[in-house]
Amino acid sequence: MRRALVIGAGGQIGTELTTRLAKELGGLNVVASDLNAPKISENTAILSLNLDVLDQVRLRQIVVDHEISEIYHLAATLSATAEKNPGFSWHLNMQSLLNILDLAKEGLIQKVFWPSSVAVFGPGSPKSNTPQNAFMNPNTVYGISKSAGENWCNYYFEKYNVDVRSLRFPGLLGYKSDPGGGTTDYALWALKNAAHDTPYISFLENNSGLPMMHMEDAINGIIKLMNAKSEQVKVRTAYNISSASFTPEELEKEIQKFKPAFEISYQSDFRQAIANSWPDSLDDSEARLDWDWNPKYNFSSMVENILEGFKKTSDPN
Ligand code: SER
């Protein structure tokens, strides 16, 4: 019997993953948690709890009380937020992962999903079609914590046989929840503004290319990776996955196909340096080969679908 605990269920990925897991496992087999118990709109059978992931005693209690077999650990400070509070971000991003890996080491849970990021790469990494095993010199706190986290995952797998699985996510774009403090967030705000006929001021320069993905593909990727047989999961740090890559100016042009009056103006800030240090696309051939990663959306279909989705939401904020 599979029972899942989602940590960070109120966040950008968590909101959509929680309802998807309820469809996969049944709402009664999903427990959603966040610092404040998240509001569950689509499936009321899901139990919602408050949990500070750094509180190991409560974490263990929840796992035992609800007979959790797998954890999806999504709580973290993202790249831009982490730069404002490096010490705390390092502690949160690392200690929370170790707390969960230790529960798996003890055998209390059987599987862990933890997201990594394109932020593991740095200014010395190849910029385009970055290989799975490219040189990494991340220069953000977020990137350093993701890169160290990947190595901890691999360590727990090698040493203690912990079944932990991870993906290097690019910027994730969906219309069901707002982004939470990342460098790639500009794209989602641009799409949301466009859907509500409002111009957008980008905090990244016009020619700043970054990898992006539709949230639906990201969620499908998590489900597919977690459903794969253990022997298919050959990479135990984190898999490169990829679908689209574009600059703010390319995004503006694509949006104008549906919203001709939409315009982006530019006022870059500290997030530009973060974007400059990241690849604009990743080579995801190992994920395709090992467990059949295959995204549904490309750049144009992603933009069209997200604009459509936002049109249905009436709140312009
Ligand atoms: N979307 C994330 C960020 O910008 C990248 O993992 O921080």
Side-chain angles (χ1 to χ4, degrees), residues 8 11-17 72-86 88-90 92-94 96-97 113-123 125 127 130 134 136 138-150 153 166-192 202-205 208-219 221-222 237-248 251 268-282 284 287 295 297 302 306:
Q12 196 199 5
I13 304 178
T15 308
E16 298 202 29
L17 180 62
Y72 297 78
H73 171 32
L74 311 170
T77 45
L78 293 190
S79 59
T81 314
E83 290 307 294
K84 294 182 180 153
N85 199 344
F88 172 73
S89 300
W90 170 256
L92 171 68
N93 292 0
M94 281 295 87
S96 60
L97 175 62
F113 177 80
W114 172 78
S116 186
S117 163
V118 298
V120 295
F121 298 108
S125 310
K127 199 86 190 131
T130 310
M136 288 174 186
N139 61 1
T140 61
V141 178
Y142 178 68
I144 297 169
S145 72
K146 288 295 182 190
S147 151
E150 283 192 4
C153 289
S166 180
L167 300 172
R168 290 177 183 147
F169 282 131
L172 299 182
L173 307 178
Y175 53 84
K176 296 185 182 163
S177 55
D178 285 340
T183 302
T184 53
D185 294 6
Y186 92 86
L188 194 54
W189 295 125
L191 285 157
K192 194 168 186 176
S202 168
F203 56 77
L204 296 184
E205 285 159 13
S208 190
L210 284 173
M212 300 280 178
M213 183 177 291
H214 196 296
M215 182 62 83
E216 197 182 315
D217 278 328
I219 302 292
I222 297 174
T237 47
Y239 277 98
N240 276 5
I241 52 170
S242 195
S243 78
S245 170
F246 54 83
T247 65
L251 177 61
S268 60
D269 64 17
F270 73 99
R271 287 169 280 195
Q272 186 61 52
I274 301 179
N276 290 347
S277 76
W278 289 354
D280 57 30
S281 58
L282 304 186
D284 61 1
Y297 291 92
M302 186 182 336
I306 291 170

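One-based numbering, in listed order, for ligands and for the atoms of each.
- Near S117, meaning under 4.0 Å from any of its heavy atoms, are these atoms of ligand 1: 5 (C), 6 (O).
- From I219, atom CD1 reaches atom CG of L17 across 4.5 Å, with rounding to the nearest 0.5 Å.
- The L78 neighbourhood of ligand 1 comprises atoms 7 (O), with distances under 4.0 Å to a heavy atom of that residue.
- Note: an N/O pair closer than 3.5 Å links S79 and ligand 1 by distance alone.
- The line from CD of Q12 to CG of L173 is 7.5 Å long, rounded to the nearest 0.5 Å.
- Between R168 and E150 there is a salt bridge, with a side-chain nitrogen of the basic residue lying less than 4.0 Å from a carboxylate oxygen of the acidic one.
- Ring pair F169/F113 is tilted by interplanar angle, where 30° to 60° counts as tilted.
- The N/O atoms of W278, backbone and side chain alike, include none that comes under 3.5 Å of an N/O atom in ligand 1.
- The closest approach between a heavy atom of T184 and any atom of ligand 1 is below 4.0 Å.
- Which parts of ligand 1 touch T183 is read off a 4.0 Å heavy-atom cut-off, strictly below it: atoms 3 (C), 4 (O), 7 (O).
- Ring orientation note: the planes of Y142 and W278 are tilted relative to one another, at an angle of 30° to 60°.
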